[in-house]
Chemist: 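Handing you this structure, nothing more for now.
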2 protein chains.
Amino acid sequence: MAQRKSPPRRRPAAAPRPRDAEQTRSEILHAARVLFATRGYANAGMREIAAAAGITPALVVRYFGSKRDLFIAAIESDIGLGPFLGPDRATVGRHIARYFFSKPMREADTLSILLHAAGEPEVCDLATELLAARVIQPLARWLGPPRAEARAALLLAIISGTWLFRQALPMRAFTGGPDTALASCMAAQIQHVVDGLPEA
Amino acid sequence: MAQRKSPPRRRPAAAPRPRDAEQTRSEILHAARVLFATRGYANAGMREIAAAAGITPALVVRYFGSKRDLFIAAIESDIGLGPFLGPDRATVGRHIARYFFSKPMREADTLSILLHAAGEPEVCDLATELLAARVIQPLARWLGPPRAEARAALLLAIISGTWLFRQALPMRAFTGGPDTALASCMAAQIQHVVDGLPEA
DNA sequence: GCTAGAAGTCAACAGCCGTTTACAAAAAAG
DNA sequence: CTTTTTTGTAAACGGCTGTTGACTTCTAGC
């Protein structure tokens, strides 16, 4: 019905994918990030990733070597907490909370990928080291004394916990937008840690 | 070398497991809880669970029906936040923090099992509903206004985030005991939420 | 136009998965 | 003692996994 003339002997139907290696590579990476973030390492299959990128699983291997190497490439991207670590310390809580509650859920962000790596025997150590080096350390340096590392760890725990329940265990209490009570509570909470956290 | 007389024709070596159905069942359940908590649903195999319980995978199926039913049985146990929700609101933060930082890591607790269910297509909904019904709701009822549900969600996020990094992504900053700076920071943080959390 | 190599597809591999079936042995019932 | 039921094992099933090698097909260089 679509094509009338020209017997389609060697053209199955659709255009057979433009041969652009660079774009294909980035499409694979994007598909991998989406699936690693939503389903986790074990549940994201190579065939599934390849299908999402519109290609064949063999090609994924040719571009990235193995599933583990693909995962490594997928987390070689910034976590995104850096932009908040500026000189303005008074409103950073509100900014971070607004950022995380405005993000569309089920997005392919690095934090989700890393959180999903928990307990995966193949990639757990990778994720742990990356979080320590790229999040905890810069955050602690930015926070400064007292108890910089503990406060940085606590901040990461708050953000990760909230994000985990928004993304992967989507309970009703976490699914709202940036103007909900939870978002403002989270903002206050983060600000409280940034401001120094008086003794309990 | 061990046995001298009596040709061991029909006794391979060790005693062939005492036939106690009730104990076998509870051993399977314990092994399943340990492996679900440490490796997650997808990475905990039936053969692995059976081996940890000292039996055959077929027997696991006979006792519990399927892997999913085994998981359901494994989370049919209290989360353990209930004991803290008593009349003493002034020190609950310290008590919860001390409890979680005193627990041995890699223990087979229900919270770890549920957090590991994030993104698992087969059991994610189950875990979400259970956390909402057994944690968020009683916690919100105990906290009371203002913004009870948001504060309950935030508390769950703080505890879950900290516990996740202690158990499954064991970074150095989280691996200490109950007398570390992080534990006292967490106690202060929890107490701050319990006390009402002033506006940001 | 011809050729070399890049880009992509296809089918198959070995290995693991949850589950099932068939069977052995111990205990209990008669 | 014989029979039945319970408790356990052994082996296999189909299906899915990551990965491989042989094979097309398009494109760039001479």
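This structure is a prediction, so every number in the text was calculated from the model and none was measured.
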Chemist: Taking the six-membered ring of B:Y41 (Phe, Tyr or Trp), confirm whether the NZ or CZ of B:K67 is under 6.0 Å from its centre and within 45° of its axis.
Modeler: yes
Chemist: If Ile, Leu, Val, Met, Phe, Trp and Tyr residues are connected whenever their side-chain heavy atoms lie under 4.5 Å apart, and connections chain through other members, are A:V34 and A:Y63 in the same group?
Modeler: no
Chemist: Please determine if A:E48 and A:R39 form a salt bridge, counting it only when a charged side-chain N lies under 4.0 Å from a carboxylate O.
Modeler: yes
Chemist: Residues from residues 60-67 of chain A sitting under 4.0 Å of DNA chain C, heavy atoms only?
Modeler: A:R62, A:Y63
Chemist: Nearest to the side chain of B:A58 - D:dT20, D:dA10, D:dG8?
Modeler: D:dA10
Chemist: Can you figure out which of C:dT9, C:dC17, D:dA10 approaches the side chain of B:R47 most closely?
Modeler: C:dC17
Chemist: Would one find a side-chain N or O of A:T24 under 4.0 angstrom from OP1 or OP2 of C:dA7?
Modeler: no
Chemist: List the steps and the verdict of side-chain contact (heavy atoms from CB on, under 4.5 Å) for A:H192 and B:H192.
Modeler: CA-CA 9 Å; A:H192 190 234; B:H192 190 234; 3.4 Å; yes
Chemist: Using whole Å, what does the distance between atom C1' of nucleotide D:dA28 and atom CZ of A:R19 come to?
Modeler: 12 Å
Chemist: If you look at every strand shown and take non-hydrogen atoms under 4.0 Å, does B:A44 touch a base, only sugar-phosphate, or nothing?
Modeler: sugar-phosphate
Chemist: Of B:R68 and A:T56, whose nearest nucleotide on DNA chain C comes first from the 5' end?
Modeler: A:T56
Chemist: Show the numbers, then the answer: is there a side chain to side chain donor-acceptor pair (under 3.5 Å) between A:T110 and A:R134?
Modeler: CA-CA 11 Å; A:T110 308; A:R134 301 254 192 101; over 6 Å; no
Chemist: Find the distance B:D20:CG to D:dT7:P and express it as a whole number of Å.
Modeler: 9 Å
Chemist: Give the rounded distance in Å between these two atoms: CD1 of A:I49 and P of C:dG8.
Modeler: 17 Å
Chemist: Rounded to the nearest Å, what distance is computed from the CG atom of residue B:L70 to the P atom of nucleotide C:dC17?
Modeler: 15 Å
Chemist: With side chain to side chain donor-acceptor pair (under 3.5 Å) as the criterion, how do B:D88 and B:T91 come out once you've worked through the C-alpha distance, each side chain's angles and the decisive distance to 0.1 Å?
Modeler: CA-CA 7 Å; B:D88 180 15; B:T91 60; 2.8 Å; yes
Chemist: Please work out if A:A42 contacts a base, only the sugar-phosphate, or nothing of the nucleic acid, heavy-atom cut-off 4.0 Å.
Modeler: nothing
Chemist: Nearest-Å distance, CG (A:D69) to C1' (D:dT19)?
Modeler: 13 Å
Chemist: How many Å lie between CE on A:M46 and C1' on C:dG15, as a whole number?
Modeler: 16 Å
Chemist: Take the protein atom CZ of A:F71 and the nucleotide atom C1' of D:dG18, then report the distance between them rounded to whole Å.
Modeler: 16 Å
Chemist: Please step through side chain to side chain donor-acceptor pair (under 3.5 Å) for the pair A:S112 and A:D109, ending with a clear verdict.
Modeler: CA-CA 6 Å; A:S112 290; A:D109 64 310; 2.8 Å; yes
Chemist: Once you apply a heavy-atom cut-off of 4.0 Å, does A:I55 come out as touching a base, just sugar-phosphate, or nothing?
Modeler: sugar-phosphate
Chemist: Whole Å only: how far is the OH atom of B:Y41 from the C1' atom of C:dC17?
Modeler: 11 Å
